[in-house]
Amino acid sequence: MPTSEVLSERLLPWFEDQGRGGDDLPWRQEGTTAWGVLVSEVMSQQTQVARVAPVWERWMRRWPTPADLAAAPTADVLREWDRMGYPRRALRLQECARIVAEKYDGSVPSDPAELERLPGIGVYTAAAVAVFHYGARHPVVDTNVRRVVARLGGAADAGTATTKADLAATEALLPDGAEAAARVSVALMELGALVCTARKPECGVCPVAAECGFAGQEIPPGPSRKRQRYTGTNRHVRGEVMKLLRDADGPVPRERIDAVWPDSRMLDEAISQLISDGLVGTDESGQFELPSA
DNA sequence: TAGCCGTGGAA
DNA sequence: TTTCCAAGGCT
């Protein structure tokens, strides 16, 4: 495990030269608002940044401010979210927009603890906004950073998320200055995304291999964590229903929903969940549609 | 706290 | 083709 000084010495030059540089992502452009950064981070939760980028650009053009998103019809929001997955994130983001617009007069909080109180904003996203937009000195721990830090300490991979321990371990690697600390955080994420990957780490090109407890070792075979199946699950059914409603012009009768899944019991369950989640509404005749509010 | 919440790119 | 898993959050 390197000291914070050594880590910065090795990592930052690598980041300048080899990393994505940090300026190819549209939300990294100079002048992106705090709200724009927040939106990008929520969209990037469990969705690859390459798929997020085009959606983010359309989204921010259409709804530049929290007030704009707050005022939008939820059906429009869900259609613009398109197929990024986990559409409840879109709902939470709109709710977040309402709170920022009303309670915070349209300006995104800068304090991580305050950000965490917003819907859909957890420890990672709060830290990301506070650090990447506001320049706070604070650890930013995503799945990449957890893995990199775990490997520096000699483990093959990070275990179950233990937020406090992860934050402390990462904090210890940050340099004193806030600006340098922020760069180290982005660089750690980049290192995990590009070099210290989950399945095939490239220790040969890693700038901190010499200080790494795991460098050169083999990843044990098999999944690092228990994997959730998708095909045939409730999530799958929900996804099919949402796709149908996104693509529909207007309210849809139950018969058309029945056509997307053979098991009507699963369909019943999924539909009532979606309604309860606020992702699906019904019109006066009992047909189904994206939420009208 | 472990399981749930979508979708698709990459190998 | 199948499997893995992705800039996580919520309960």
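When reading the values below, keep in mind they use all heavy atoms of this one structure, side chains included, and skip hydrogens, waters and symmetry mates. Numbers restart at 1 for each chain; the letters A, B, ... are given by sequence-line order, proteins then strands. Note that this is a predicted model, so its numbers are computed, not measured.
- With hydrogens and angles ignored, no donor-acceptor pair closer than 3.5 Å exists between the side chain of A:R235 and the base of B:dT7.
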Test side-chain hydrogen bond (donor to acceptor under 3.5 Å, both in side chains) on A:Q45 and A:Y124 and set out the steps. CA-CA 9 Å; A:Q45 292 165 2; A:Y124 162 76; over 6 Å; no
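- In terms of phosphate contacts, A:Q48 brings no side-chain nitrogen or oxygen within less than 4.0 Å of OP1 or OP2 of C:dA6.
- Between the NZ atom of A:K200 and the P atom of C:dC5 there is a distance of 15 Å, rounded to whole Å.
- Taking every side-chain heavy atom of A:Q45 into account, C:dG8 is the closest of C:dC5, C:dG8, C:dA6.
- Dashed line: the shortest gap from a side-chain N or O of A:T143 to OP1 or OP2 of C:dA6 is under 4.0 Å.
- Atom C1' of B:dG8 sits at a distance of 23 Å from the matching atom of C:dC10, rounded to the whole Å.
- Side-chain proximity of A:R89 to B:dT7, B:dG6, C:dA6: nearest is B:dG6.
- Counting any heavy atom pair closer than 4.0 Å across all strands shown, A:R146 reaches no nucleic acid atom.
- Mapped onto DNA chain C by nearest heavy atom, A:I121 and A:D142 fall at different nucleotides, with A:D142 at the one closer to the 5' end.
- The environment of CG in A:D247 is crowded: more than 12 heavy-atom neighbours from other residues, nucleotides or ligands sit within 6.0 Å.
- The side chain of A:R92 contributes no N or O atom lying less than 4.0 Å from OP1 or OP2 of C:dT11.
- Comparing C:dA7, B:dG9, C:dC4 against the side chain of A:R229 picks out C:dC4 as the nearest.
- As judged by a 4.0 angstrom heavy-atom cut-off over every strand, A:T125 is placed among residues touching the sugar-phosphate backbone only.
- OP1 or OP2 of B:dG8 has not a single side-chain nitrogen or oxygen of A:T47 nearer than 4.0 Å.
- When the C1' atom is compared between B:dG6 and C:dC4, the two are found 15 Å apart, to the nearest whole Å.
- Contact annotation for A:R83: backbone-only contact, meaning every heavy-atom pair under 4.0 Å involves sugar-phosphate atoms and none involves a base.
- Between A:R92 and A:D277 no salt bridge is recorded (no basic side-chain N to carboxylate O distance below 4.0 Å).
- Separation of the P atoms belonging to B:dG3 and C:dA7 is 23 Å when rounded to the nearest angstrom.
- The interatomic distance linking A:Q46 (CD) with B:dG9 (P) rounds to 16 Å, in whole Å.
- Residue-to-nucleotide proximity on DNA chain C shows that, of A:E41 and A:L118, the 5′-proximal contact is made by A:E41.
- The separation of C:dG9 from B:dT1, taken at their C1' atoms, amounts to 14 Å, rounded to a whole angstrom.
- Following rounding to the nearest Å, A:R79 (CZ) and B:dT7 (P) show an atom-to-atom distance of 14 Å.
- Summarising the geometry, the separation between OH on A:Y230 and C1' on C:dC4 is reported as 16 Å, rounded to the nearest angstrom.
- Note on A:M242: nothing from the nucleic acid sits closer than 4.0 angstrom, heavy atoms only.
- Here A:Q273 does not reach the OP1 or OP2 of B:dC4: none of its side-chain N or O atoms lies under 4.0 Å away.
- Panel note: side chain A:Q94, backbone A:L69; a donor-acceptor pair is recorded below 3.5 Å.
- In the hydrophobic clustering of ILVMFWY residues, with side-chain heavy atoms under 4.5 Å counting as a link, A:L279 and A:Y230 come out apart.
- Listed for the A:R88 side chain is no donor-acceptor partner under 3.5 Å among the backbone atoms of A:G278.
- In this structure, A:D277 atom CG and C:dT11 atom P are separated by 10 Å, rounded to whole Å.
- As a whole-Å value, the separation of A:L25 CG from C:dA7 C1' is 9 Å.
- Contacts of A:G85 with the nucleic acid, taken as non-hydrogen atoms under 4.0 Å apart, include base atoms.
- Among the protein residues, A:V145 comes within range of no part of the nucleic acid, since none of its heavy atoms lies under 4.0 Å from any strand.
- Atom CE of A:M43 is separated from atom P of C:dG9 by 15 Å (rounded to the nearest Å).
- Taking the side chain of A:R199 as heavy atoms from C-beta on, and the options C:dC5, C:dG9, B:dC5, the nearest nucleotide is C:dC5.
- One finds a side-chain N or O of A:N234 lying less than 4.0 angstrom from the OP1 or OP2 phosphate oxygen of B:dC5.
- Rounded to an integer number of Å, the gap from A:L115 CG to C:dA7 P is 21 Å.
- Side-chain contact annotation: A:T65 with A:D68, donor-acceptor N/O pair under 3.5 Å present.
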